[in-house]
Amino acid sequence: MSSTEMKICWITATYFLDVDLPVVPQLKKWFDIDWTIISTPRQIATDEAYIRSQSDCSYTILAAPARFYSPALYAFFRRLVLSIRKSRYDLYYFDISDFLFLFPLIKRYLPREKVMIATHNVNVPRGARLAPLARVSMSYIIRNFRNFQTFSKNQRDALRSRKADANILYSPLMLKDYGEGSAPATPYTPPVKFLFFGNIIKYKRLDVILQAVKILRKRGIEDFKVYICGYCDPAVWQKEYLPEIENPELFHLDIRRIPNELVAEYFNTCHYFLMPYQDIAQSGAMTVALNYNMPVIASDLPTFHEFITADHDSYFFRPADPEALADVMERCIRNTPEQYATLKRNLQATVDAKLAPEAILRNYKEFFDNFHRNA
């Protein structure tokens, strides 16, 4: 039975669009995929523009009336599930994290043996938004379904420990490419620039960076700059983070949802990517850094070790330890251009070996072929 005979219904939430956009158009070469993207009224125009800039593949995009816990989602998802049920697909793939309504509807109306769910956080990070609700939802999914995808070996192993008979596709996230941008890569000259990028959420521990900057300043080290670029709730920013910035000249702040067209600018401008997370399942932000060949400074957590190597292409430090982070930042500031160039060469070799697009796509194809063959 050939790949092209397999019909797949693929549902992507807008917050996972970056995960699936590099994958689904390529898989359409082998499989008959009907791709539906669940957006919001405010986001839908931006999503459509972004998709058109990356691919000419066919898709359907819908605007959900609300997010997460609004009762308005029940009727929306019920119509969606009943609609896709009519086509009797060989596989229903869901890359979405609805916490209350969607998965009970899937269980009720779709053949569960043909349902596959992308599980980004088998272990929900401590401090994540709506973490208690997300844990309840993940427990429900693991109890009631069998086919899953994980994006890190750490989460694959966590899933197997919770459900021994799970049928799991493991494949890393694709590298996220936002184009070349108008700014060329910055030469490795002072000030050395560190980037913290993405939504500012408690478990990502921006506070550790702010404390590390204070330590470096007390050591008399000032030939660096920290770029903080991403959205934070305004009240949280004003109360928790802004008061900790004692030397604003050492920072570049862009506290908002960063437009796609500016992402490459920041990754070309800076030298190192800061990830002081206290917990992580997998990181989309890291795939952007790796795409732009930016060495990473990360908390010493198992998931990060899957993709980068200490003192070879990146650096690690003790989680939640500002002094340890300051030590690593000082080491980076004192690195010579030759040492930095070696880091980047090693990182490119790591990416070529572990995250080649062809290998990632082959993981999907082989899994779906086997799934279809054994159905």
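Note that this is a predicted model, so its numbers are computed, not measured.
Of the listed residues (Asp95, Thr36, Asp20, Asp34), just one forms a side-chain hydrogen bond (donor to acceptor under 3.5 Å, both in side chains) with Trp10, and that residue is Asp20. When each of Thr14, Asp18, Val19 is tested with Phe16 by the rule side-chain contact (heavy atoms from CB on, under 4.5 Å), just one qualifies, namely Val19.
Under the 4.5 Å side-chain contact rule for hydrophobic residues, Ile215 and Tyr241 do not share a cluster. Placement of Ile255 and Ile209 within a single hydrophobic cluster is found when ILVMFWY residues are connected by side-chain heavy-atom separations under 4.5 Å, directly or transitively. Linking ILVMFWY residues whenever their side-chain heavy atoms come closer than 4.5 Å, directly or via other members, leaves Met275 and Tyr272 in distinct clusters. The cluster map of Ile, Leu, Val, Met, Phe, Trp and Tyr, joined by side-chain heavy atoms under 4.5 Å apart, puts Ile245 and Tyr231 in different clusters.
In this structure, CG on Asn346 lies 12.5 Å from CD1 on Ile308, to the nearest 0.5 angstrom.
Nearest heavy atoms, Asn147 versus Lys114: ND2-N, 4.5 Å. Listed here is the closest heavy atom pair of Asn363 and Ser171: ND2-OG, 3.0 Å. Closest non-hydrogen pair, Gly230 versus Ile200, comes out as O-CD1, 3.9 Å. The nearest pair of heavy atoms linking Lys28 to Ile33 is NZ-O, 2.9 Å. Between Lys163 and Phe148, the shortest heavy-atom contact is CD-CE1, 4.2 Å.
The side-chain contact (heavy atoms from CB on, under 4.5 Å) check on Ser139 picks up Arg143, Arg162, with sequence neighbours excluded. For Glu246, the salt bridge (Lys or Arg N to Asp or Glu O under 4.0 Å) partners are Lys214, not counting sequence neighbours.
Between Leu361 and Met174 there is a side-chain heavy-atom pair separated by less than 4.5 Å.
A donor atom on one side chain and an acceptor atom on the other are found under 3.5 Å apart for Gln348 and Asp352. Looking at Asn291 and Tyr178, their side chains never bring a donor and an acceptor atom within 3.5 Å of each other. With no hydrogens or angles considered, no side-chain donor-acceptor pair links Tyr188 and Glu338 at under 3.5 Å. Checking Gln26 against Tyr364 by side-chain atom types alone, no donor-acceptor pair falls below 3.5 Å.
A distance of 6.0 Å or more separates the ring centres of Tyr266 and Phe197.
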Name every donor-acceptor pair, under 3.5 Å, that has one atom in a side chain of residues 312-327 and the other anywhere in the protein, sequence neighbours excluded.
| residue | atom | partner | partner atom | Å |
| --- | --- | --- | --- | --- |
| Asp313 | OD1 | Thr309 | N | 2.9 |
| Asp313 | OD2 | Thr350 | OG1 | 2.6 |
| Ser314 | OG | Val296 | N | 3.0 |
| Tyr315 | OH | Asn335 | ND2 | 3.0 |
| Arg318 | NE | Asp321 | OD2 | 2.9 |
| Arg318 | NH2 | Asp321 | OD2 | 2.7 |
| Asp321 | OD1 | Glu323 | N | 3.1 |
| Asp321 | OD1 | Ala324 | N | 3.1 |
| Glu323 | OE2 | Arg219 | NH2 | 2.8 |
| Asp327 | OD1 | Arg219 | NH1 | 3.1 |
| Asp327 | OD1 | Arg219 | NH2 | 2.7 |

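Geometrically, Arg156 engages Tyr170 in a cation-pi contact, judged by NZ or CZ lying under 6.0 Å from the ring centre and within 45° of the ring axis.
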